[in-house]
Amino acid sequence: MTEPRFKRILLKLSGEVLMGQGQFGIDPATCERVAREVKAATEAGFEICMVVGGGNIFRGLAGAAQGFERASADYMGMLATVMNALAMQNTLERLGVDTRVQSAIPMASVSEPYIRRKAMRHMEKGRVVIFAAGTGLPFFTTDTTAALRAAEMNCDALFKGTSVDGVYNADPKKVPTATRYDAVSFDQVLVENLKVMDATAVALCRDNHIPIVVFNIRDEGNLAAVLQGDGISTVVRNEV
């Protein structure tokens, strides 16, 4: 088995991952499958924190496009991420994984407030920390939140679980001849506008030397394989 490249990681999941095969909401079976993979990672010695998007419930940009005021729509999207975080916490704890949710918008009844040093201490104790409510500010995506929290937690890498197995030079779902990269630089991602994460998130990771590992989270067992340096993924880093 290949020696793991990273020890402490931030796992970014889109809200759509939690829908499973559905069109909306949270699929408990999918939550459990993802949670089992996260549990396996912690048992293998990895320190894990997570950011989950809210697109399976409400997406701020989509709401704004349909007439909601942008800031209000973004706050609604942040609340959706809290629901997803609580769902993942519930599932992880049913599997015996000690988990904490920290929200950037204070919600004392359901979560801890986001406190960086407290979150780091949780991770040192082997707990999974799920960061909810984005940055707590409108106009920022959960991709940017993931990059920011990865930097704050001194993570070795940001793992982005998606529905494709890496970064392509075109949308592989629309262009069958699209080419997948094994590795690509941050600058190339920004210049060519490759669909990895939004530009703010990519720049944050570039400036803080945090590699982004893009992989398909829908393939069962893929998280463990990629964590161990195996499996199929694309690594975005400063030097290629």
Side-chain angles (χ1 to χ4, degrees), residues 4-15 17-18 26 30-54 56-57 77-137 140-161 197 201 204-205 208 210-213 215 217 223-224 226-227:
R5 293 169 291 176
F6 310 113
K7 169 76 172 177
R8 174 178 290 186
I9 70 159
L10 186 142
L11 176 61
K12 166 63 168 66
L13 300 177
S14 66
V17 167
L18 301 188
I26 302 169
T30 301
C31 285
E32 181 164 343
R33 180 185 63 77
V34 174
R36 288 190 182 280
E37 298 204 32
V38 173
K39 178 182 180 180
T42 62
E43 290 175 343
F46 292 95
E47 297 177 0
I48 307 290
C49 55
M50 299 175 64
V51 169
V52 185
N56 56 320
I57 299 171
M78 291 179 218
L79 297 180
T81 72
V82 176
M83 296 173 68
N84 285 337
L86 293 175
M88 284 304 306
Q89 179 187 39
N90 180 270
T91 308
L92 283 163
E93 292 194 333
R94 282 196 291 106
L95 296 175
V97 181
D98 204 6
T99 308
R100 297 291 186 273
V101 172
Q102 290 200 347
S103 172
I105 298 175
M107 298 185 189
S109 296
V110 298
S111 66
E112 297 179 358
Y114 172 65
I115 301 172
R116 174 179 176 268
R117 290 175 64 89
K118 193 169 186 178
M120 294 188 73
R121 184 61 176 152
H122 285 321
M123 294 186 69
E124 289 166 1
K125 290 183 175 181
R127 296 167 182 154
V128 172
V129 181
I130 306 175
F131 300 113
T135 62
L137 300 168
F140 291 96
T141 67
T142 51
D143 278 351
T144 297
T145 302
L148 176 62
R149 298 292 185 246
E152 290 180 296
M153 294 298 107
N154 298 325
C155 290
D156 299 316
L158 191 165
F159 277 53
K160 181 171 182 181
M197 306 176 86
L204 262 172
C205 287
N208 289 281
I210 301 171
I212 302 172
V213 181
F215 70 104
I217 189 65
L223 174 60
V226 175
L227 281 170

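Summarising the geometry of Ala146 relative to Met197, their closest heavy-atom pair is CB-CE, 4.4 Å, with the distance given to 0.1 Å. Here the shortest heavy-atom pairing between Arg33 and Ile217 reads NH1-O, 3.0 Å. Residues Gly15 and Val52 approach most closely at CA-CG1, 4.5 Å, considering heavy atoms. Nearest heavy atoms, Ala150 versus Leu158: CB-CD1, 4.4 Å. Contact detail for Arg149 and Ala104: the closest heavy-atom pair is NH2-CB, 3.8 Å. Ala119 and Gln102 get closest at one heavy-atom pair: CB-OE1, 3.5 Å.
In this structure, the separation between NZ on Lys125 and CG on Asp98 is 9.5 Å, given to the nearest 0.5 Å. A distance of 10.5 Å separates CE of Met78 from OG1 of Thr142, quoted to the nearest 0.5 Å. Rounded to the nearest 0.5 angstrom, His122 NE2 and Met153 CE are separated by 10.0 Å. Summarising the geometry, atom SG belonging to Cys155 is positioned 5.0 Å from atom CG belonging to Leu10; distances are rounded to the nearest 0.5 Å. Atom OG1 of Thr81 and atom CD1 of Ile105 lie 7.5 Å apart (nearest 0.5 Å). With values rounded to the nearest 0.5 angstrom, Ile130 atom CD1 is found 8.0 Å from Leu86 atom CG.
Looking at residues two or more places apart in sequence or on another chain, you find no ring pair (Phe, Tyr, Trp, His ring centres under 6.0 Å) involving Phe140. Remark: Ala40 engages no residue in a side chain to side chain contact (heavy atoms under 4.5 Å, CB included) (not counting sequence neighbours). With sequence neighbours left out, Arg121 forms a salt bridge (charged side-chain N to carboxylate O under 4.0 Å, His left out) with Glu124. For Glu93, there are no salt bridge (charged side-chain N to carboxylate O under 4.0 Å, His left out) partners at least two apart in sequence or on another chain.
Between the side chain of Thr30 and the backbone N or O of Ile26, no donor-acceptor pair lies under 3.5 Å. Under a 3.5 Å cut-off, the side chain of Lys12 and the backbone N or O of Met50 do not form any donor-acceptor pair. Judged by distance alone, the side chain of Thr141 and the main-chain N or O of Thr144 form a donor-acceptor pair under 3.5 Å. The backbone N or O of Gly53 lies less than 3.5 Å from a partner atom in the side chain of Asn84, making a donor-acceptor pair. In this structure a side-chain-to-backbone donor-acceptor pair under 3.5 Å is present from Asn208 to Leu204. At least one donor-acceptor pair closer than 3.5 Å links the side chain of Thr99 to the backbone N or O of Val97.
The existence of a salt bridge linking Asp143 and Lys160 is confirmed by a sub-4.0 Å separation between a basic side-chain nitrogen and an acidic carboxylate oxygen. Using a cut-off of 4.0 Å between Lys/Arg side-chain N and Asp/Glu carboxylate O, Asp156 and Lys7 are scored as not salt-bridged.
Residue pairs meeting the salt bridge (charged side-chain N to carboxylate O under 4.0 Å, His left out) criterion with at least one partner in residues 101-119, sequence neighbours excluded, are Arg100-Glu112. Within the structure, side chain to side chain donor-acceptor pair (under 3.5 Å) contacts touching residues 42-53 (residues at least two apart or in different chains) are Arg8-Glu47.
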Begin with the C-alpha distance, continue with both residues' side-chain angles, and end with the deciding distance and a verdict on side-chain contact (heavy atoms from CB on, under 4.5 Å) for Phe131 and Val101. CA-CA 6 Å; Phe131 300 113; Val101 172; over 6 Å; no

List the steps, then state whether side-chain contact (heavy atoms from CB on, under 4.5 Å) holds for Met107 with Leu79. CA-CA 10 Å; Met107 298 185 189; Leu79 297 180; 3.2 Å; yes

Does the side-chain contact (heavy atoms from CB on, under 4.5 Å) test come out yes or no for Phe159 and Leu227, once each step is laid out? CA-CA 9 Å; Phe159 277 53; Leu227 281 170; 3.7 Å; yes

Could you go step by step and tell me if Val128 and Lys39 meet the side-chain contact (heavy atoms from CB on, under 4.5 Å) rule? CA-CA 9 Å; Val128 172; Lys39 178 182 180 180; over 6 Å; no

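Open room surrounds CE on Met83; 12 or fewer heavy atoms of other groups in view lie less than 6.0 Å from it.
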